[in-house]
Amino acid sequence: MSRKSPGPTADSDTDNGSDTGRGRSRRALSAVRRWIVTAPGTYSWLAVLFVTTVLLHRTTPAFEDGTSGGISDGSSGGPSWDPVRPLISGVLWIDGGHWLPYAVLFTVFHATAEHWLGTLRWLAVAVLAHVMAVLLGEGVLGWAVRYGDASPSAGNTLEVGVSYALAGVVAVLTYRVPHPWRYVYAFAVLVFYGVPLAADGRTVTDLGHVTAVLTGLACYRLTRRAPSAGKRGAPAPEKTERPAAQ
């Protein structure tokens, strides 16, 4: 007499559904963890920015003045240019004190670039974009203050170095986008950062953003992978013919 196998019960269906849901949650958490761990530079930087943002919200205005730009009016002999302070402090503070939007932007752009280029190359692009933008922006501002085109107080404007590095990385990701969308992406980036510079109310920060974008686009060589050791100038093997057996 044949024996019928018992069919699935309601409880077993519920258990299978719970197991599937837990499995999906574990996979999602594992993917998020892997994304963060494989971009250590991006998320270490975000952690530092979180701490400095909390400090900025809990300190006095005098402390905030220490994060300002590098042009001082100079009590003796006119304005002086000190780019070291904005070069360092610019990457430690967020303009406006809102950390969460930058956490999203860092995840979308910085982490993607770090995964693609590796930490060292990504860091090189970010540092180059930041340094070039700060030096040019502070130089133009110092020239304007010295020759009376800007007031000495304009030198105390806050340098948003975090956004400079971000603009450079956004630009270098152009070479990650496949053809023909690469040109559409590059055009969109240039328009997004270039329109404020062309407007009447343009600022030194707008000039810094465009400088950072152009620096990122100039980092094409950093996006190219070095050839493997086996292919680097290795001569092709010669074909030799064996003499016919006599």
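Keep in mind that what you see is a predicted model, and the values were worked out from it rather than measured.
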*Look at the rings of His130 and Tyr164 and say which category their plane angle falls in: under 30° parallel, 30 to 60° tilted, over 60° perpendicular.*
tilted
*Can you measure from CZ (Arg24) to CG (Leu29) and round to the nearest 0.5 angstrom?*
14.5 Å
*Are Val213 and Val170 close enough, and set up right, to give a side chain to side chain contact (heavy atoms under 4.5 Å, CB included), and what steps lead you there?*
CA-CA 8 Å; Val213 166; Val170 168; over 6 Å; no
*Got a donor-acceptor contact below 3.5 angstrom from the Thr52 side chain to the Leu49 backbone?*
yes
*Does one side chain, of Tyr43 or Thr107, offer a donor that lies under 3.5 Å from an acceptor on the other?*
yes
*Connected via hydrophobic side-chain network under 4.5 Å: Val37 and Leu46*: no
*asked:* With side chain to side chain contact (heavy atoms under 4.5 Å, CB included) as the criterion, how do Phe109 and Val172 come out once you've worked through the C-alpha distance, each side chain's angles and the decisive distance to 0.1 Å?
replied: CA-CA 10 Å; Phe109 295 107; Val172 81; over 6 Å; no
*In this structure, which one of Thr203, Val210, Thr205 forms a side chain to side chain contact (heavy atoms under 4.5 Å, CB included) with Leu197?*
Val210
*Return the orientation label for the Phe106 and Tyr102 ring planes: parallel under 30°, perpendicular over 60°, tilted otherwise.*
perpendicular
_Would Leu173 and Trp116 count as a side chain to side chain contact (heavy atoms under 4.5 Å, CB included) here? Give the steps._
CA-CA 9 Å; Leu173 283 173; Trp116 172 43; 3.9 Å; yes
*Looking at the rings of His115 and Trp35, which for Trp means the six-membered one, are their centres under 6.0 Å apart?*
yes
*At what distance, to the nearest 0.5 angstrom, does OG1 of Thr174 lie from CG of Leu217?*
5.0 Å
